[in-house]
Amino acid sequence: MEALIAGVIGLLTTAGVYLLLRGHTFSVALGLALLSYAVNLFLLAMGRLTLNRPPILGSGQTDYADPVPQALVLTAIVIGFAMTAFLIALALRTRYETGSDQVDGVETTDPAPDP
Amino acid sequence: MNHALILPILLPFLAGISLLFLKTSSMLTRRLSLMATVALVPLAVLLLILAGDGGYRVYLLGHWPAPFGIVLMLDRLSALLLLLTALVATPALWYAVATDGDRQGRYFHPLFQFQLMGLNGAFLTGDLFNLFVFFEILLMASYSLLLHGGGRERVRAGLHYVILNLTGSALFLIAIGTLYGLTGALNLAELAVRIAAAPESDAGLLRAAAVLLLVVFGLKAAVLPLYFWLPAAYAHTSAPVAALFALLTKVGVYAMIRVFTLAFGLEMNAWLLPLGLATLIAGGMGVLASRELRRLIAYSVIVSVGTLLTGIGLDTVAGLSAILVYLAHTTLITAGMFLLADLIVDQRGHTENWPAPPVAQLRLLSGLFFMGAIALAGLPPLSGFLGKTLLLQAASSTPALPWVWLIVLGSSLLVIVALSRMGSRLFWNMQDVATTAVPVSVRRWWPAAALLAAGPLLMILGQPLTDFATATARQLLSPSGYMAAVLATRDLTVLGASL
């Protein structure tokens, strides 16, 4: 299972970084979303991969799932969700303000407008 | 436990939430927002006095014992930064109200309060993940504040700022995950203990996590390869927001000082000195190349970050105390200059155009500009001189002496040249026409004047300030007290529960 999770995290990160480096705001937003999925999986895996274990250290219980990374992931998901929503709203706003969906606000085919 | 510790977070939080329900920028909203912000000043002074005895105040949230719950920690450094936050926020908010800047869009006041909550929380927390959460709170508020009022340039600069910081947040989470996976701790004190006791086989991964943290904090602080977002963002946002943002880069510097002195020991400082010096060079050249006043001040923020990093990188009590003096100076003066730049633009038009009509209040504005420029460049007799002299003195006993002296003095020279050129263009190169600008009342110019008054004031208070900074540096470089204070609470609360 470790190899699968590690591979998935690696794939998501690669795709995320690739999209993040694109010029269009839409690809960048998608890239950041993929990157945050990778980060969430990574955080979860940092609590070690276990199956069917209680999340609490009880009496006589020696083997348990670490609840802290799960709590961290929940926080990270909420924050990442809000940030993605904000970024998409901002990208739309940039589209209206600058008339282009390039990250630097300039269409690559047109000559750069005077600032 | 002293409940005053959580007030700097609770007060802006509650104020921000209640302001959401009020009409945008009505008189009531403005009064409430101003009152909540002004109240932070006496509160911060109280906490500063509390921390002044050299002890650590620990606040256990929910009364959970230290490594299991989240702790807030107050020491001299936190108290100093809390006071700086309150001192910058009050004039900035007043200026926004006086110029109707808060009415350019919706929800200015709640966002401002949430920004303060994030800043205060980041300065107080003693937990790495909680630091991330407060970073996100202050970033989220800063995204919206940066864009407040809208406009093409603002939106474009804002998009870059948001994307970079979202990437930074992802890296921060990876660093936190790695540290938790290796040590099983998030509390900074507990983390420090575990890292010191970590097996040799984990050293490489721990170093990787530390370098990731350096990248994240470096992005917030605007260190050399990661500062390109800053000039555009600070030059295009509204003046009060830019003044408040003078604090944002300091959060990155604060996080570096806090996390690296506590948990990673001396290792990271070897990176900071060359990074700081390189940032100084880049910032100095940026200042010289700026044709517009706001952009010039934005680049001077980068110069100040370079200076701060150089001081941390020296890794001595003298170096750290020098940059703490410099930190107080640069935050207040930069904020004041941003407000002053707005007043100047208001009266003479865009600062990139000259000759322009003369300003209406020539003596007042040029006098303030002169004072701010001298302080910013680090010339005697104003406050910038004190911090830079202490830094040069601190460097004189280290092998880095020639580099630090050359680059710190060289960048100061560039700042002096740029500021004198800008000053003569703004106030001497004028069209021979009568001014059409309306003089502004004291209600609008006092915030800039009050912040710039830090120049002479910090110099007059030089001795107590330097003493406080030295005591703070001593406290920071002997982190065993911090760990002991946090981890002692574990035994205390267990004892309390059994009684």
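Just the heavy atoms: all of them, side chains too, but no hydrogens, waters or symmetry mates, feed the values below. The chains referred to below are lettered A, B, ... by the order of the sequence lines, with proteins before strands, and numbering in each begins at 1.
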**Item:** chain A contacts, top residue of B:Thr178, B:Leu186, B:Leu171 (heavy-atom pairs, under 4.5 Å)
**Value:** B:Thr178
**Asked** Using non-hydrogen atoms only, which part of A:Leu44 is less than 4.5 Å away from chain B: side chain, backbone, both, or neither?
**Response** neither
**Request:** Begin from the C-alpha positions of B:Val155 and A:Thr98 and carry the test side chain to side chain contact (heavy atoms under 4.5 Å, CB included) through to its verdict.
**Result:** CA-CA 9 Å; B:Val155 168; A:Thr98 65; 5.6 Å; no
**Fill in**
Scored by heavy-atom pairs under 4.5 Å with chain A, the best of B:Tyr180, B:Tyr143, B:Phe132 is B:Tyr180
**Message:** Please classify the contact of A:Leu72 with chain B as side chain, backbone, both or neither, using a heavy-atom distance under 4.5 Å.
**Reply:** both
**Prompt:** How many angstroms lie between atom CD1 of B:Ile163 and atom CG of A:Leu90, to the nearest 0.5 angstrom?
**Reply:** 7.5 Å
**Request:** Output the option from A:Arg48, A:Arg93, A:Glu97 having the highest count of non-hydrogen pairs under 4.5 Å with chain B.
**Result:** A:Glu97
**Message:** Using 0.5 Å steps for rounding, measure from the CD atom of B:Glu136 to the CE atom of A:Met83.
**Reply:** 4.0 Å
**Prompt:** What part of A:Thr84 gets closer than 4.5 Å to chain B, counting heavy atoms only: side chain, backbone, both or neither?
**Reply:** neither
**Item:** B:Leu147 versus chain A, the contacting section by heavy-atom distance below 4.5 Å
**Value:** side chain
**Message:** Which heavy atom of A:Ala76 sits nearest to which heavy atom of B:Leu173, and what is that distance?
**Reply:** CB-CD1, 3.7 Å
**Fill in**
Of all heavy-atom pairs linking A:Val39 and B:Ala170, the shortest is CG2-O, 3.7 Å
**Message:** Let me confirm one number: the CD1-CG distance from B:Ile174 to A:Leu35, rounded to the nearest 0.5 Å.
**Reply:** 6.0 Å
**Request:** Show your working on side chain to side chain contact (heavy atoms under 4.5 Å, CB included) between A:Leu87 and B:Leu159 and close with a plain yes or no.
**Result:** CA-CA 8 Å; A:Leu87 181 65; B:Leu159 187 69; 4.1 Å; yes
